[in-house]
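What follows is a short report on a single structure.
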Amino acid sequence: MFPSALLRAATNQPMLLELKSGETYNGFLVDCDGYMNIRLRDVTITSKDGDKFWKVSECFIKGQTVKFLRFTSEVLDLALEEQKRSSGSRGRGRGQGRGRGRGRGDGRGRGRGRGRGRGRGRGEGKQ
C-alpha cells in the first residue's frame with residue numbers, strides 16, 4: 001500500500017504527526033498532496049520538551065519536515081478496503097496492446113529505423 005492511499009483514507013480522521021524538530025501535532029486530517037504537505041484542523045501542538053501546548057484551529061505542515069505519522073487502526077482498515085475495491089475493477093495483464101508505440105512494421109520498410117529521414121538519400125523531396 002502506498003502512503004498516499006493511506007493518507008487519502010485518513011481524511012477527516014484523527015492523527016498524530018511528529019516533526020523532525022521534535023514537536024508533535026494532534027488533529028484531524030483535512031488534506032494532503034503529492035509532496036505529503038498536510039493540513040490539519042482542531043490541532044494541539046506540543047513542544048519538543050512536552051511542557052508547552054498550543055491549540056490552533058487549522059495548520060499547514062510541509063511534508064519534508066515530517067518524521068512520522070500515527071493513525072488509528074480504523075484508518076488502516078479503511079485504506080485496505082479501498083485498495084481492494086479499486087484493484088478489483090482494474091484489469092489484469094496487458095490486454096491487446098494495440099495503439100502503443102510504432103511497432104516493428106511488417107517487413108516492408110515501415111518499421112523502426114527504416115524511414116528515409118529528412119531529405120537525405122535518393123534526392124527525393126525538397127532540400
Side-chain angles (χ1 to χ4, degrees):
M1 173 182 311
F2 293 109
S4 59
L6 183 61
L7 286 169
R8 273 195 309 273
T11 303
N12 296 320
Q13 299 291 327
M15 64 181 294
L16 177 132
L17 185 132
E18 184 172 330
L19 302 185
K20 292 176 183 176
S21 64
E23 293 178 332
T24 60
Y25 289 69
N26 281 302
F28 291 88
L29 181 65
V30 174
D31 191 24
C32 181
D33 64 10
Y35 296 104
M36 285 186 65
N37 297 327
I38 295 173
R39 275 188 8 194
L40 295 173
R41 68 176 162 80
D42 300 329
V43 185
T44 303
I45 304 170
T46 308
S47 68
K48 181 178 181 179
D49 304 330
D51 58 347
K52 296 178 186 171
F53 299 92
W54 298 272
K55 185 86 171 161
V56 293
S57 60
E58 193 168 325
C59 71
F60 176 84
I61 299 162
K62 197 168 180 180
Q64 70 183 38
T65 62
V66 175
K67 187 176 184 180
F68 72 84
L69 305 166
R70 181 179 292 168
F71 302 103
T72 60
S73 59
E74 291 121 18
V75 172
L76 186 58
D77 295 336
L78 285 170
L80 288 172
E81 282 180 24
E82 189 173 320
Q83 185 181 18
K84 286 178 184 176
R85 262 186 278 137
S86 66
S87 67
S89 64
R90 189 175 57 194
R92 288 204 173 296
R94 293 177 55 149
Q96 298 214 358
R98 296 182 198 262
R100 289 189 175 165
R102 290 170 47 187
R104 294 189 177 190
D106 56 3
R108 289 184 274 175
R110 294 189 200 140
R112 289 186 183 150
R114 309 286 318 229
R116 294 218 169 117
R118 304 175 117 202
R120 294 180 222 118
R122 299 183 183 171
E124 297 174 6
K126 297 179 183 177
Q127 292 183 345

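Because the structure is predicted, anything quoted here is derived from the model rather than measured. This chain uses plain numbering: 1 for the first residue, then up along the sequence.
Of all non-hydrogen atoms in Phe28 and Pro14, the two that sit nearest each other are CD2-N, 3.6 Å. Taking every heavy atom of both residues into account, Lys20 and Gln64 meet most closely at NZ-O, 2.9 Å. Here the closest non-hydrogen pair linking Leu6 and Ala79 is CD1-CB, 3.8 Å. Contact record, Ile38 with Leu29: CG2-CD1, 3.4 Å, taken as the closest heavy-atom pair. Residues Met15 and Leu40 approach most closely at SD-CD2, 3.8 Å, considering heavy atoms.
The only member of Tyr25, Phe53, Trp54 that meets side chain to side chain contact (heavy atoms under 4.5 Å, CB included) when paired with Thr46 is Phe53. Each of Leu16, Leu7, Val75 was scored for a side chain to side chain contact (heavy atoms under 4.5 Å, CB included) with Leu69, with one residue passing: Leu7.
When the shell of 6.0 Å around CZ of Phe68 is examined, it contains more than 12 heavy atoms from other residues, nucleotides or ligands.
Following chains of ILVMFWY side-chain contacts shorter than 4.5 Å, one can reach Phe71 starting from Leu19, so the two form part of one hydrophobic cluster. Under the 4.5 Å side-chain heavy-atom criterion for Ile, Leu, Val, Met, Phe, Trp and Tyr, Leu17 and Met36 are members of the same hydrophobic cluster. The hydrophobic clustering, which links ILVMFWY residues whose side-chain heavy atoms are closer than 4.5 Å, places Val66 and Ile45 together.
Put simply, CD on Glu81 and CG on Leu76 are 10.5 Å apart, with the number rounded to the nearest 0.5 Å.
Pairs passing the salt bridge (Lys or Arg N to Asp or Glu O under 4.0 Å) check and including a residue from residues 25-38, sequence neighbours excluded, do not occur. Sequence neighbours left out, the pairs with a member in residues 49-73 that pass salt bridge (Lys or Arg N to Asp or Glu O under 4.0 Å) are Glu18-Lys67, Arg39-Glu58.
Counting heavy atoms from C-beta outward, Arg41 and Asn12 have side chains that approach closer than 4.5 Å. A heavy-atom distance below 4.5 Å is not found between the side chains of Thr65 and Ser21.
With sequence neighbours excluded, no residue forms a side-chain contact (heavy atoms from CB on, under 4.5 Å) with Ser73.
Without hydrogens or angle criteria, Asp42 side chain to Gly27 main chain gives no donor-acceptor distance under 3.5 Å.
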